[in-house]
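These notes concern the structure reproduced below.
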Amino acid sequence: MYLFWLVVGVGHAIAAYVIKDVPLFQFPVGHISVTMANTLVLVLLLQVLRFFSLKLQGQEFITPKDIHNERKARCVYYVCTFAYMIVFFLGMFAMPKRPIEKPKSEYIIYPQKDTLN
């Protein structure tokens, strides 16, 4: 399953690189390519935190199935979850803002100044 999400993350990073200068994807909050590139960072971070959790406590992260089996969360789980959420929100809301450019298209017909009179 991890390999699938790694491929999705690499695909997002490639797509983000391709569309980074396309003004169509520029929104008032930032360019969509920054969020797409964040997918790969989050997938890699999840794997690092999973490895960290396995080394410190010898078990995987808690899933909803484990909660029903009365497995208790340890401090390492909360620290890893908090670290992941910080990176997630930084990637979502700390996007660099570029000025919004009007898309140049040969299909948009702008009226000439002398035809407005």
Taking all non-hydrogen atoms of both residues into account, name the closest pair between H12 and M36 and its distance.
CB-O, 3.2 Å
Heavy-atom pair with the smallest gap, counting every atom of A16 and A37:
CB-N, 3.9 Å
When hydrophobic residues are tied together by side-chain contacts of less than 4.5 Å, even through go-betweens, does [X] share a cluster with [Y]?
X   : Y   : answer
F51 : L49 : no
Y17 : V41 : no
L54 : Y78 : no
L44 : V7  : no
V87 : V48 : no

Return the [atom1] to [atom2] distance between [X] and [Y], rounded to the nearest 0.5 Å.
X   : Y   : atom1 : atom2 : value
F52 : L45 : CZ    : CG    : 11.5 Å
L56 : C80 : CG    : SG    : 7.5 Å
Q47 : L42 : CD    : CG    : 13.5 Å
L6  : L46 : CG    : CG    : 11.5 Å

Within 6.0 angstrom of Y2 OH, more than 12 heavy atoms from elsewhere
yes
Candidate list R50, Q57, K55, test side-chain hydrogen bond (donor to acceptor under 3.5 Å, both in side chains), partner S53, passing option
Q57
Assess the residue pair V8 and L40 against the criterion (side chain to side chain contact (heavy atoms under 4.5 Å, CB included)); give the C-alpha distance rounded to whole Å, side-chain angles, the decisive distance to 0.1 Å, and a yes or no.
CA-CA 8 Å; V8 169; L40 182 60; over 6 Å; no
